[in-house]
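Okay, structure first, notes after.
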Amino acid sequence: MEKTAGDSVLKVAMPKGRIYKQASKLFREAGLLIPEDFDDSRKLIIPVPEANMEFIMAKPVDVPTYVEYGVADIGIVGKDVLMEENKDVYELIDLGIARCRMSVIGLPGWKPVMYPRVATKYPSVASQYFREGGQQVEVIKLNGSIELAPLIGLADRIVDMVETGQTLKENGLVEMETLFQVTSRLIANRVSYRLKNQAIQELCDRLGQRIAARG
Ligand SMILES: Nc1ncnc2c1ncn2[C@@H]1O[C@H](COP(=O)(O)OP(=O)(O)OP(=O)(O)O)[C@@H](O)[C@H]1O
Ligand SMILES: O=P(O)(O)OC[C@H]1O[C@H](OP(=O)(O)OP(=O)(O)O)[C@H](O)[C@@H]1O
């Protein structure tokens, strides 16, 4: 889709769910006037004229796609999704919100097998991790309740997010290795980054100051 500098409103792909609450809080702390009444709204396109923005409320995994295609100029997305989706976008800043980690998880006392099955929502990240470690595995893609897989004999291990560790504890699972730490990132469409550079840069500066103040 062709873009012109005249599209002055910044279109922001905002992930619904966990990240949104923390992202909108950070935006407000950075001085952007985001109305609170939208926090529990079902509206998918939210005009934020006070901040010269428009929020596109997206499923988190779709944020990099909207930004790559330029229907959103910028977006907020977890590093986990960014690694898995591998889209052609700029990663601008680490927002330091929605902290968790991507880990290999299994039942305690699990014994290595020749060709283990690994269940995950992140098949690309998991395949790359085991390939680089020289381990042959069969990756099984699931879409949720990943911790079920080792409990019911679908997989030997899982690759999934750990935040508080509560899910592992309640299901008698243990964390075996950590792949990487996860926080949410601000990403930008490559063309928008040039055409709307001033607005994007201003936003990065405001957010950057606020993130530094948070420590
Ligand atoms: N405990 C956690 N579990 C999973 N993701 C987390 C956690 N804490 C922070 N995150 C971040 O939040 C993002 C997921 O947010 P959310 O759970 O709202 O989306 P989702 O899993 O796509 O939602 P849904 O459950 O509706 O499919 C992840 O990409 C990750 O960056
Ligand atoms: O360490 P904790 O604080 O327990 O958080 C980790 C859990 O949260 C996420 O699940 P989510 O709630 O998104 O459910 P789903 O994977 O079934 O969608 C993740 O997949 C883990 O199961």
Side-chain angles (χ1 to χ4, degrees), residues 12-27 34 38-44 46 55-68 72 74-87 89-108 110 117-129 139-152 154-188 207 211 214:
V12 187
M14 271 285 184
K16 293 191 281 187
R18 286 194 154 90
I19 299 178
Y20 180 72
K21 283 211 157 43
Q22 296 184 46
S24 56
K25 184 162 179 272
L26 176 65
F27 272 40
I34 316 293
F38 285 120
D39 282 9
D40 297 313
S41 159
R42 298 285 305 159
K43 242 176 115 63
L44 295 175
I46 302 182
F55 288 176
I56 296 163
M57 302 306 292
K59 180 138 177 101
V61 72
D62 293 332
V63 165
T65 304
Y66 295 135
V67 173
E68 182 182 56
I74 58 173
I76 294 179
V77 63
K79 185 70 179 176
D80 51 322
V81 170
L82 210 48
M83 303 270 286
E84 179 67 22
E85 296 299 310
N86 197 23
K87 299 289 186 191
V89 296
Y90 287 131
E91 183 179 330
L92 300 179
I93 48 175
D94 182 348
L95 299 172
I97 56 171
R99 269 176 206 283
C100 51
R101 55 192 183 270
M102 176 85 76
S103 294
V104 180
I105 293 154
L107 284 164
W110 178 79
R117 289 200 300 217
V118 177
T120 185
K121 244 187 193 178
Y122 304 90
S124 171
V125 165
S127 301
Q128 186 183 347
Y129 175 75
V139 172
I140 302 172
K141 165 82 163 73
L142 292 178
N143 295 296
S145 300
I146 314 298
E147 289 81 0
L148 267 178
L151 303 179
I152 58 177
L154 176 65
D156 301 288
R157 285 183 274 174
I158 62 172
V159 170
D160 198 23
M161 311 302 308
V162 180
E163 185 188 359
T164 62
Q166 189 67 19
T167 309
L168 299 188
K169 200 167 154 212
E170 289 192 23
N171 292 289
L173 294 164
V174 290
E175 206 172 346
M176 302 162 94
E177 290 147 46
T178 299
L179 278 64
F180 51 86
Q181 301 292 324
V182 170
T183 46
S184 297
R185 311 299 162 107
L186 186 73
I187 58 171
L207 292 171
I211 294 160
R214 273 183 167 191

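Read the numbers this way: they start at 1 and go in the same order the structure lists the ligands and their atoms. Quantities reported herein were computed from a predicted structural model and do not represent experimental measurements.
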Gap separating the OG atom of Ser124 from the OH atom of Tyr129, nearest 0.5 angstrom: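 If we round to the nearest 0.5 Å, Ser124:OG and Tyr129:OH are 15.0 Å apart.
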
From Asp156 atom CG to Trp110 atom CH2, the distance as rounded to the nearest 0.5 Å: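 Rounded to the nearest 0.5 Å, the CG-CH2 separation comes out at 5.5 Å.
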
Pairing of Arg101 and Glu163 as salt bridge, 4.0 angstrom limit: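 Here Arg101 does not pair with Glu163 in a salt bridge, since their nearest N and O are not under 4.0 Å apart.
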
Presence of salt bridge, Lys121 and Glu84, under 4.0 angstrom: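 Answer for the salt bridge query: no.
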
No-hydrogen, no-angle side-chain donor-acceptor test under 3.5 Å, Glu147 and Thr167: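 No donor-acceptor contact under 3.5 Å links the two side chains.
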
Contact residues of ligand 1 (heavy atom under 4.0 Å), by chain and number: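 Answer by chain and number: Lys16, Gly17, Arg18, Ile19, Lys59, Pro60, Gly78, Asp80, Val81, Ala98, Cys100, Lys121, Met161, Glu163, Val182.
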
Residues in the immediate environment of ligand 2 (any heavy atom closer than 4.0 angstrom):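 Ligand 2 is contacted, at a heavy-atom distance under 4.0 Å, by Arg18, Lys121, Gly144, Ser145, Glu147, Asp160, Met161, Val162, Glu163, Thr164, Gly165, Gln166, Thr167.
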
side-chain contact (heavy atoms from CB on, under 4.5 Å) partner of Thr183, the single match among Leu95, Asp94, Ile97: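 Result for side-chain contact (heavy atoms from CB on, under 4.5 Å) with Thr183: Asp94.
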
Name of the residue among Val118, Ile146, Leu154 meeting side-chain contact (heavy atoms from CB on, under 4.5 Å) with Ile140: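 For Ile140, the side-chain contact (heavy atoms from CB on, under 4.5 Å) test succeeds with only one of Val118, Ile146, Leu154, which is Leu154.
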
Atom NZ of Lys25: over 12 foreign heavy atoms under 6.0 Å: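 Count not over threshold, so no.
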
More than 12 heavy atoms of other groups within 6.0 Å of Arg214 CZ: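 It does: Arg214 CZ has more than 12 such atoms within range.
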
